[in-house]
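Below: one structure, written as structure tokens.
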Number of protein chains: 2
Amino acid sequence: MILVTKVQNGYMRSDFPPYRPEMQANVFRRRCPSNAVLDMIADKWSAPIISRLKNGKLRHGELLGSIEGLSQRMLTQTLRDLESNGLVTRTVYPVVPLHVDYELTDLGRSLYDKALKPLTHWAMEHMGDVAQARAEFERRAG
Amino acid sequence: MILVTKVQNGYMRSDFPPYRPEMQANVFRRRCPSNAVLDMIADKWSAPIISRLKNGKLRHGELLGSIEGLSQRMLTQTLRDLESNGLVTRTVYPVVPLHVDYELTDLGRSLYDKALKPLTHWAMEHMGDVAQARAEFERRAG
DNA sequence: CTGCATCCTCAGCGATACTG
DNA sequence: CAGTATCGCTGAGGATGCAG
């Protein structure tokens, strides 16, 4: 069973496998847990949004303004996606004008601390090496 | 300057920012190091391939056979990409029939240990929570 | 302020066939 | 065995406009 939800223009990235223990057996199959997690945060905007939320709740507009290049369409879509995966909560204050804010769940914070932060950390440390490798490769291969 | 290399049908994912220290200042800009690293491994096949290579060198065919759904076209392309980022080395033995194998560089191994492994680990631990959240969300929102 | 709907473009990638 | 070239589909995602 694959949950696919038609949303807006396309589909939510909902090709999430039901969790079964035997999936741990072979990480080289597509749809293994690690790939599922990558799919969850590897789209264009999830990581920045999660990072941005790590210090507390933010409103739609605050997120939109603080991540360059992010369109409002993709913000909403990504937030829904994160919400559906239990990483973010959405709270609506029924006032006028409308006030909505988003906050990491414990699960979301855990994902940030255990997975995203290490990755960011590695990035900080090794971007130089990567850039150098790229330049080197470029030089050799044209 | 953005390095974009025309390759085969499309482009290598080479929109890599030259490394500059000030990029560390704001992780919410696109093209910050962490996003660059995500871009590096977040495509469909990089992570599985890196995982597969963590135990030592493998031949093209071995990789192809051991990752389900991976086409030979994408394997070559992804390997070139990884190679250009300094994560993988490609060694050609000029024999007949041709023999080529791929191996993680120190940088690649470091990426695996410091970034990919923690992520996989988190995935193993929390896939259940995510699946549950998904089901819950599905139930509420349809 | 928040966010859904529509239109449109272009990159990712699979299938297939061909070379050294 | 390893890799390249071509074709075509599909879906991510930007722009814009409307609604509660």
Side-chain angles (χ1 to χ4, degrees), chain A residues 2 4-15 30 35 38-49 57-84 88 90-102 141, chain B residues 2 4-15 30 35 38-49 57-83 88 90-102 141-142:
Chain A
I2 300 178
V4 181
T5 321
K6 220 177 190 350
V7 164
Q8 294 194 27
N9 161 18
Y11 294 86
M12 304 277 288
R13 301 182 58 124
S14 314
D15 54 334
R30 285 293 297 164
N35 279 320
L38 260 183
D39 287 348
M40 216 162 52
I41 59 169
D43 59 286
K44 210 173 174 185
W45 302 110
S46 289
I49 291 175
K57 56 180 63 170
L58 287 174
R59 307 183 52 170
H60 181 100
E62 293 174 319
L63 282 167
L64 194 58
S66 66
I67 302 178
E68 73 168 22
L70 174 56
S71 71
Q72 163 256 47
R73 170 159 149 22
M74 289 317 294
L75 174 58
T76 301
Q77 188 172 312
T78 306
L79 283 169
R80 285 293 177 287
D81 205 5
L82 295 173
E83 192 192 358
S84 79
V88 160
R90 174 173 182 268
T91 312
V92 183
Y93 304 89
V95 296
V96 187
L98 200 53
H99 181 125
V100 180
D101 60 27
Y102 296 90
Chain B
I2 299 178
V4 180
T5 321
K6 220 175 190 353
V7 165
Q8 294 194 26
N9 162 18
Y11 294 87
M12 304 279 285
R13 301 180 57 123
S14 315
D15 54 334
R30 285 293 297 164
N35 279 321
L38 262 182
D39 287 347
M40 216 161 53
I41 59 169
D43 60 286
K44 208 172 175 185
W45 302 110
S46 289
I49 290 175
K57 56 180 63 170
L58 286 175
R59 306 183 53 168
H60 180 101
E62 294 174 319
L63 281 167
L64 194 58
S66 66
I67 302 178
E68 73 168 22
L70 174 57
S71 70
Q72 162 258 46
R73 170 161 148 22
M74 289 317 295
L75 174 58
T76 301
Q77 189 172 314
T78 306
L79 282 169
R80 286 293 179 288
D81 205 5
L82 295 174
E83 192 192 358
V88 161
R90 175 174 183 269
T91 312
V92 182
Y93 303 89
V95 295
V96 188
L98 200 52
H99 182 126
V100 179
D101 59 26
Y102 296 90

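In what follows, chains are A, B, ... by sequence order, proteins preceding strands, each numbered from 1.
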Requested in this report: Provide the closest heavy-atom pair for A:V92 versus A:L98 in the form atom of the first, atom of the second, distance.
Outcome: CG1-CD1, 3.9 Å
Report summary line: On DNA chain D, more 5' by nearest nucleotide between A:L98 and B:H60 is B:H60
Report task. Remember a base hit wins even if backbone is also touched, and classify A:Y102 as base, sugar-phosphate or nothing at under 4.0 Å, heavy atoms. Result -> sugar-phosphate
Query raised in the report: Quick one: A:D43 CG to C:dG12 P, roughly how many Å, whole number?
Result: 14 Å
Query raised in the report: How many Å lie between CE on B:M74 and C1' on C:dT16, as a whole number?
Result: 16 Å
Query - Side-chain N,O (B:R90) to OP1/OP2 (D:dA2) below 4.0 Å - result: no
Report summary line: When every non-hydrogen atom of A:D43 is compared with those of A:M40, the smallest separation belongs to OD1-O, 3.4 Å
Query raised in the report: Taking CD1 from A:I67 and C1' from D:dG14, how many angstroms apart are they, rounded to a whole number?
Result: 16 Å
Query raised in the report: Whole Å only: how far is the CG atom of B:L75 from the C1' atom of C:dA15?
Result: 16 Å
Requested in this report: Evaluate the criterion side-chain contact (heavy atoms from CB on, under 4.5 Å) for residue pair B:V100 and B:R90; output intermediate values, then yes/no.
Outcome: CA-CA 7 Å; B:V100 179; B:R90 175 174 183 269; 3.9 Å; yes
Query raised in the report: Are the side chain of A:S46 and the backbone N or O of A:A42 linked by a donor-acceptor pair below 3.5 Å?
Result: no
Query raised in the report: If every non-hydrogen atom of A:A47 is compared with every non-hydrogen atom of B:N35, which pair is closest and at what distance?
Result: CB-OD1, 4.3 Å
Report summary line: A:D81 atom CG is separated from C:dC4 atom P, nearest whole Å, by 13 Å
Query raised in the report: Is a donor on one side and an acceptor on the other found under 3.5 Å between the side chain of B:E62 and the backbone of B:R59?
Result: yes
Query raised in the report: Expressed in angstrom and rounded to an integer, what is the separation of B:R80 atom CZ from D:dA2 atom C1'?
Result: 9 Å
Requested in this report: Among D:dC1, C:dC4, C:dC1, find the nucleotide with the atom closest to the side chain of B:R59.
Outcome: D:dC1
Report task. In whole angstrom, give the distance that lies between atom CG of B:L64 and atom P of D:dT4. Result -> 14 Å
Could you run down the sub-3.5 Å N/O contacts of the protein with nucleotides 15-19 of chain D?
from	atom 1	to	atom 2	distance (Å)
D:dA15	N6	A:R73	NE	3.0

Query raised in the report: Nearest to the side chain of B:V100 - C:dG14, D:dA2, D:dT4?
Result: D:dA2
Query raised in the report: For B:H60 and B:T76, which heavy atoms make the closest approach, and how far apart are they?
Result: CE1-OG1, 3.2 Å
Report summary line: Whole-Å distance, A:L70 CG to D:dG14 C1', equals 11 Å
